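The chain is numbered in sequence order, starting from 1. Source: prediction; values computed, not measured.
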Amino acid sequence: MNLQALMADIDRMFGWIPSWFVGLGLVVGAILLALFVYRVAVWLLARAFGTRLPLLSVFIDRTAGPAQLALCLAAVALVLPLAPLDDMIRTPLMRLFVVAVIALIGWISIRVVDMSAARYLQNFRDVTENFVARKHVTQVRVFKRVTDTIIVVITVSTALMTFDSVRQYGVSLFASAGAAGIIVGLAARPLLSNLIAGLQIAITQPIRIEDAVIIENEWGWVEDIASTYVVIRLWDWRRMVVPLSYFIEKPFQNWTRDTASLIGVIALHVDYRADVPRIRRWLEDAVKQSKLWDGAVVNLQVIDADSRTIELRALVSARNAPQSWDLRCEIREKLVAFIRDEMPEALPRERAILIPSADDDADFLRPVARPEKMRASARN
């Protein structure tokens, strides 16, 4: 029995049902059957290779959506020519099928880019102290975001161009180059500027993932670089979202551009009687005993002197910004305690010269009675 005879038998059995309903039922049934086949295939692959090939399960999970859509489109492509549908229903379904195929191609392209980026970044897991890893992670993430954006724009544009009305409107819009084109260009300028800034950042890399930066008087780390913005994780766990163009147009501080090591500064005011060499020796011993010191820089200098005190500046280095901050706080606390307990004469103090007034001079020059005369007058 051939396929035409089978369709004729089905038509005789279900002739009372409207043809459009039968056609839509066949399309829906084909989609459900494709989803069932996909589930069975995934189950069989998991049973056969799940334990021996762990990467296979990861690949199946990441390609689940495109694979299901591809099977459904294949099933619809097989059933749609045989479905008893008139042109009023068949034409929209064919148009929807074409749009779904375009969306499938774009979806697969995005998945390929994401999996390629993830596979490449598996070699760069530690990005805290590894500058090469931070460089590659930043470049791959920015390029991936920009590529995904371009793929989405091309996919949506291609899908819209399949409709005659939209295609004619787009052609007339670009051909007119009038006020509408100017408005669209002005509206798209921030997006385009941020996309271009993202490419510049990926190439020149003024910032990288996990860089310690100071922006708008806020200190934090670069947590994520998206296609149009950067997320800064501040020291108090807040998040600052900054446009990508900010890092191209405005100055900012990058504390880990070439190396993570930093020199911390501790300023302290002491009295002129302070024994600076003794404080310097104590500082070197205290810093060497700290686990936060990286063994590079420790120094004490007198950098200023005014009418009341002298200003000391201690320099200590650490491996990164958080350890530099903790080391500065630790040494500052110990330094204050040392001066207070071991060298109290070095504490800052106010000095004043008291000049007596005229009344004080008169009292000072007036003769004072002797004690014997005072006792005699008291007896009388």
Side-chain angles (χ1 to χ4, degrees), residues 27 30-31 34-35 37-39 41-42 45-46 49 53-78 80 92-125 133 135-164 166-167 169-171 173-174 184 187-188 190-203 205 209 224-231 244:
V27 173
I31 293 175
L35 294 176
V37 170
Y38 173 80
R39 295 297 178 86
V42 169
L45 290 175
F49 306 102
L53 298 176
L55 293 178
L56 181 61
S57 60
V58 177
F59 177 79
I60 292 174
D61 292 338
R62 293 189 177 183
T63 60
Q68 294 180 33
L69 180 58
L71 288 176
C72 292
L73 292 178
V76 171
L78 293 175
L80 192 59
L93 286 179
M94 290 297 296
R95 189 65 56 79
L96 182 61
F97 177 81
V98 173
V99 172
V101 171
I102 295 174
L104 175 63
I105 295 174
W107 199 351
I108 292 176
S109 302
I110 292 177
R111 280 288 183 265
V112 170
V113 172
D114 293 344
M115 288 189 294
S116 301
R119 179 67 182 86
Y120 181 77
L121 292 178
Q122 285 182 351
N123 301 323
F124 307 99
R125 297 183 180 275
K135 174 183 177 181
H136 287 277
V137 168
T138 302
Q139 288 180 337
V140 170
R141 285 189 180 182
V142 173
F143 279 126
K144 184 178 75 68
R145 301 283 172 77
V146 174
T147 304
D148 291 346
T149 303
I150 294 175
I151 291 174
V152 170
V153 171
I154 294 176
T155 302
V156 174
S157 301
T158 306
L160 291 177
M161 294 299 289
T162 59
F163 298 93
D164 295 335
V166 177
R167 181 169 63 250
Y169 175 74
V171 172
L173 178 62
F174 287 110
V184 172
L191 175 61
L192 295 177
S193 63
N194 283 313
L195 289 176
I196 295 174
L199 294 176
Q200 291 178 323
I201 288 175
I203 296 173
Q205 293 206 342
I209 299 297
D224 189 18
I225 301 178
S227 57
T228 57
Y229 61 89
V230 177
V231 179
L244 277 173

query = When you look at I209 and I225, which way does the side chain to side chain contact (heavy atoms under 4.5 Å, CB included) test go after all the steps?
reply = CA-CA 7 Å; I209 299 297; I225 301 178; 3.8 Å; yes
Rounded at 0.5 Å granularity, tell me how far [atom1] in [X] sits from [atom2] in [Y].
X	Y	atom1	atom2	answer
K144	D114	NZ	CG	4.5 Å
T149	I154	OG1	CD1	11.0 Å
R111	I151	CZ	CD1	11.5 Å
I110	I150	CD1	CD1	11.5 Å

task = List the steps and the verdict of side chain to side chain contact (heavy atoms under 4.5 Å, CB included) for S109 and V113.
result = CA-CA 6 Å; S109 302; V113 172; 5.6 Å; no
ask   = Of the non-hydrogen atoms in A117 and V140, which two are nearest, and what is the gap between them?
value =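 Minimum heavy-atom separation between A117 and V140: CB-CG1, 3.5 Å.
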ask   = For F143, does the CZ atom sit with more than 12 other heavy atoms under 6.0 Å from it, leaving out its own atoms?
value =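 Atom CZ in F143 is packed in, count exceeds 12.
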